[in-house]
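Please read the structure below before turning to the comments.
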Amino acid sequence: MAEKLDVQQGTLALMILKTLEVLGPLHGYGVCRRIEETSKHRLTLNYGTLYPALLKLEQEGFVTAAWGQSENNRRAKYYTLTAAGRRQLAREAREWHRTADLIAAFLAPRREAP
């Protein structure tokens with residue numbers, strides 16, 4: 001079984017935004033399950049982590065929330081990515097790619113010619 005990883009600081013919002021971009025409106029439980037599935041269950045989220053992040057994204061205008069019926073006829077809050085959320089996702093993705101490239105340069109340095 002794969003070792004469980006902690007969610008790195010600043011990555012949860014990116015994962016939520018990307019999940020909503022790919023799958024469309026989802027309730028919190030669906031977002032949580034999808035993030036765990038995408039990570040091949042190396043990440044485990046608890047609701048004390050997920051829901052404050054969703055609330056923050058809603059307050060920042062990156063997602064909207066509306067009550068609806070879940071697949072099993074329960075009342076659930078569905079989250080939808082906004083236009084501002086799409087722009088934020090693009091910004092965060094660019095920043096993570098730049099950061100990953102920088103770290104990769106240190107992890108696999110090439111010898112410079114003298």
Side-chain angles (χ1 to χ4, degrees):
M1 180 171 221
E3 181 181 332
K4 296 288 183 180
L5 302 171
D6 290 330
V7 176
Q8 295 294 314
Q9 180 72 27
T11 59
L12 183 56
L14 177 62
M15 287 185 255
I16 292 169
L17 294 174
K18 186 63 179 179
T19 297
L20 294 174
E21 179 191 53
V22 170
L23 296 180
L26 281 176
H27 49 71
Y29 180 80
V31 170
C32 188
R33 294 290 77 83
R34 179 61 180 191
I35 289 171
E36 289 175 350
E37 288 169 5
T38 301
S39 77
K40 295 181 175 39
H41 300 280
R42 290 172 290 185
L43 294 175
T44 301
L45 297 179
N46 65 54
Y47 300 112
T49 302
L50 180 69
Y51 285 102
L54 285 166
L55 178 61
K56 184 174 187 288
L57 290 169
E58 186 179 4
Q59 290 170 342
E60 292 170 334
F62 300 143
V63 301
T64 58
W67 289 99
Q69 289 293 110
S70 70
E71 307 80 42
N72 55 359
N73 290 328
R74 290 197 163 160
R75 191 166 179 252
K77 194 181 246 190
Y78 281 79
Y79 298 89
T80 304
L81 190 62
T82 64
R86 288 185 197 288
R87 291 189 298 274
Q88 180 65 13
L89 173 58
R91 277 190 297 273
E92 287 192 34
R94 279 192 308 272
E95 186 58 37
W96 275 104
H97 285 295
R98 282 197 299 266
T99 300
D101 288 346
L102 174 66
I103 297 302
F106 282 94
L107 294 176
R110 291 185 219 141
R111 288 209 160 185
E112 299 289 326

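Any value given below was found using the heavy atoms of this structure, including those in side chains, with hydrogens, waters and symmetry copies removed.
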Going from [atom1] on [X] to [atom2] on [Y], what distance comes out if it is rounded to the nearest 0.5 angstrom?
| X | Y | atom1 | atom2 | answer |
| --- | --- | --- | --- | --- |
| Glu21 | Leu14 | CD | CG | 10.0 Å |
| Leu89 | Arg94 | CG | CZ | 9.5 Å |
| Arg34 | Leu23 | CZ | CG | 4.5 Å |
| Ile16 | Cys32 | CD1 | SG | 9.0 Å |
| Thr44 | Ile35 | OG1 | CD1 | 11.5 Å |
| Arg86 | Lys18 | CZ | NZ | 10.0 Å |

What are the two closest heavy atoms between [X] and [Y], and how far apart are they?
| X | Y | value |
| --- | --- | --- |
| Glu95 | Arg98 | OE1-NH2, 2.6 Å |
| Gly28 | Leu54 | CA-CD1, 4.1 Å |
| Phe62 | Leu81 | O-CD1, 3.6 Å |

- Message: Between Glu36 (side chain only) and Leu45 (backbone N and O only), is there a donor and an acceptor less than 3.5 Å apart?
- Response: yes

- Message: Donor-acceptor pair, distance only, cut-off 3.5 Å: does the side chain of Thr82 make one with the backbone of Gly61?
- Response: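 Present.
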
- Query: Do Leu43 and Thr38 have side chains that get closer than 4.5 Å, going by heavy atoms?
  - Reply: no

- Query: Can you find a heavy atom in the side chain of Leu57 that is under 4.5 Å from one in the side chain of Glu60?
  - Reply: yes

Could you pull out all donor-acceptor pairs under 3.5 Å where a side-chain atom in residues 73-80 meets a protein atom, sequence neighbours excluded?
| from | atom 1 | to | atom 2 | distance (Å) |
| --- | --- | --- | --- | --- |
| Tyr78 | OH | Gln69 | O | 3.0 |

- Message: Heavy-atom count check: over 12 atoms from other residues, nucleotides or ligands less than 6.0 Å from Tyr51 OH?
- Response: yes

- Message: Quick check on the hydrophobic clustering: are Leu55 and Val63 connected, directly or via other members, by side-chain heavy-atom contacts under 4.5 Å?
- Response: no

